[in-house]
Amino acid sequence: MLMSALILIVEDEPNLADVLEAYARQEGFHCEKAADGHTALTLYRASRPDLVLLDIMLPGKSGLDVLRAIRQDGATPVILVTARAEEADQIVGLELGADDYIVKPFRPREVMARVRAVLRRTANVPDSHDSTPLRVGPLEIDRRAVSASVQGQQLSLTPTEFRLLAHLAAAPGRAFTREELLAAALPDSDALERVVDAHLAGARRKLEAAGATGLLHTVRGVGYRLSA
Ligand code: CA
C-alpha cells in the first residue's frame with residue numbers, strides 16, 4: 001500500500017514540483033501535480049490521493065483554503081510546505097488538521113522521509129490489534145475501526161487527532177507531557193511540542209461540538225489528560 005500510494009503535489013513553483021515528483025516516483029509513489037488551489041481540489045476530488053503535499057502560498061486559493069476543504073471532506077493525510085516566515089500559517093494549518101509540516105528550503109530526500117512516515121502512521125494506528133474499545137465518559141474509541149464517537153455520534157478526527165486521543169484514553173486520568181504525546185502520535189516527525197497543542201485544540205473543538213465538554217484537560221506545566 002505504501003509503495004503504490006498516490007501523492008498529490010500542490011506547488012506553484014514548477015521546478016520544485018518537478019523535483020518533488022521525480023523523488024516521489026523514485027520512491028515508487030504515483031504522483032499528480034497541481035499548481036494552484038482550484039486545480040488541487042479538482043484533482044483531489046477526482047483521484048482521492050493517499051497523501052497531499054500542500055504548499056501554503058499559492059496563487060488564488062491558498063493552501064490553507066485547500067486544507068480546509070480537504071478536512072471538510074475527510075482525513076486524507078496532508079503535509080504542509082511553508083516558508084520559515086509563514087510560521088503563523090503553520091500553526092493555523094495544524095489547527096485545521098494538517099498532519100505535519102515541512103519548512104522551505106528543504107531537501108527532497110527529507111520530504112520523502114516525512115511522506116513515508118506520515119503514510120506509515122496513518123496506516124498503522126498504535127495498538128490497533130487491541131479490539132477492546134476505550135471509554136472515557138461519553139467518549140468511545142475503537143482502535144481497530146479507527147473510530148471515535150460521543151454517545152454514538154461519530155467524530156471526524158484527523159489521523160493525528162485520533163492517535164493523540166487514543167493515547168490519552170488508554171490511561172484516563174493520567175497526565176501526559178507534550179513530549180510523550182508527540183513521541184506517541186508523531187514518532188518520526190521533528191515537529192515542535194506546541195504542535196501537540198494545535199492538534200489537541202482541534203480534537204477538543206470536535207469533542208465539545210459533540211457535547212463532550214470538560215473531558216480533555218490541559219495540565220498546567222505538564223501537558224494533557226483525559227478524564228470524565
Ligand atoms: Ca508557493
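One-based numbering, in listed order, for ligands and for the atoms of each. Small disclaimer: the values here were computed from a predicted structure and weren't measured.
- Around the Ca ion (ligand 1), the protein atoms of type N, O or S found under 3.0 Å away are D12 OD1, D55 OD2, M57 O, listed by chain and number.
- Within the cation-pi definition used here (under 6.0 Å to the ring centroid, within 45° of the axis), R178 does not qualify as a partner of F176.
- For T218 and R204, the side-chain atoms include at least one donor-acceptor pair closer than 3.5 Å.
- Linking Ile, Leu, Val, Met, Phe, Trp and Tyr residues whenever their side-chain heavy atoms come within less than 4.5 Å leaves L6 and V115 in two separate clusters.
- Among pairs with a residue in residues 208-217, none fulfils salt bridge (Lys or Arg N to Asp or Glu O under 4.0 Å), at least two apart in sequence or across chains.
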Can you list, pair by pair, the side-chain donor-acceptor contacts under 3.5 Å of residues 33-41, counting residues two or more places apart and other chains?
unit_1 : atom_1 : unit_2 : atom_2 : d
K33    : NZ     : D18    : OD1    : 2.6
K33    : NZ     : E21    : OE1    : 2.9
D36    : OD1    : H38    : N      : 3.0
D36    : OD1    : T39    : N      : 2.9
D36    : OD1    : T39    : OG1    : 3.1
D36    : OD2    : T39    : OG1    : 2.8

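- Through direct or indirect side-chain contacts shorter than 4.5 Å among Ile, Leu, Val, Met, Phe, Trp and Tyr, V219 is connected to V222.
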